[in-house]
**Student:** 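This is the structure, below, for whatever I ask next.
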Amino acid sequence: MFRNLMPLLARDFHVLAPDLIGFGNSAAPSRESFEYTFENLTGFLAALKVDQYFLYVFDYGAPIGFRLAMRQPERVLGIVSQNGNIYQEGLGPK
C-alpha cells in the first residue's frame with residue numbers, strides 16, 4: 001500500500017517509516033527482555049534526534065504516533081490519520 005506513496009513523499013520530505021518492534025522486518029525480542037507497550041514503541045524519534053515532524057498514522061501505529069504528539073505537541077507540524085484507532089489503552093485518560 002505504501003510502496004508507491006513513500007517515493008512521492010520523499011520528493012519533498014525526509015521519510016522515516018520504521019517497523020514497529022516485532023513487526024515487519026524488525027527483530028522480536030522476548031517478552032522477558034522487552035515489554036511490548038505503546039510507550040516502549042515511541043523511542044525511535046529521540047534515538048534519531050528528530051526535532052520536528054509531520055505524522056502519518058495508520059492502524060496500529062496511530063496510538064504510538066498520537067502518544068508522541070501528546071508528549072511534545074510543539075514538535076508536530078501536522079498529522080494525517082488514516083484508519084487510526086484511538087482508545088483508552090492506546091492513549092491513556094482522555
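Each residue takes its place number in the sequence, starting with 1.
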**Student:** Who passes side-chain hydrogen bond (donor to acceptor under 3.5 Å, both in side chains) against Gln82, sequence neighbours left out?
**Tutor:**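 Gln82: side-chain hydrogen bond (donor to acceptor under 3.5 Å, both in side chains) contacts with Tyr56.
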**Student:** Less than 4.5 Å apart, side chain to side chain, heavy atoms only: is that true for Leu45 and Leu16?
**Tutor:** yes
**Student:** Would you mind writing out the side-chain donor-acceptor pairs for residues 2-11 within the sub-3.5 Å range, not counting sequence neighbours?
**Tutor:**
none

**Student:** List for me each residue that meets side chain to side chain contact (heavy atoms under 4.5 Å, CB included) alongside Tyr36, sequence neighbours excluded, and say none if there are none.
**Tutor:** Ile21, Ala28, Pro29, Arg31, Phe34
**Student:** Any side-chain heavy-atom pair from Val80 and Leu55 closer than 4.5 angstrom?
**Tutor:** no
**Student:** Are Phe66 and Val57 side-chain neighbours, meaning at least one heavy-atom pair lies under 4.5 Å?
**Tutor:**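 A side-chain contact exists here, since the closest heavy-atom pair is under 4.5 Å.
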**Student:** For Glu32, which residues count as a side chain to side chain contact (heavy atoms under 4.5 Å, CB included) partner, sequence neighbours excluded?
**Tutor:** Ser30
**Student:** Is there a side-chain contact between Leu77 and Tyr53 in this structure, where contact means two heavy atoms from C-beta onward sitting under 4.5 Å apart?
**Tutor:** no
**Student:** For Arg71, what residues pass the salt bridge (charged side-chain N to carboxylate O under 4.0 Å, His left out) criterion, not counting sequence neighbours?
**Tutor:** Glu39
**Student:** Please find the pair of heavy atoms, one from Gln52 and one from Glu74, that lie closest to each other, and give the distance.
**Tutor:**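 What the structure gives for the nearest pair is NE2-O, 4.2 Å.
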**Student:** Excluding sequence neighbours, so at least two apart, what forms side chain to side chain contact (heavy atoms under 4.5 Å, CB included) with Asn83?
**Tutor:** Phe58, Asp59
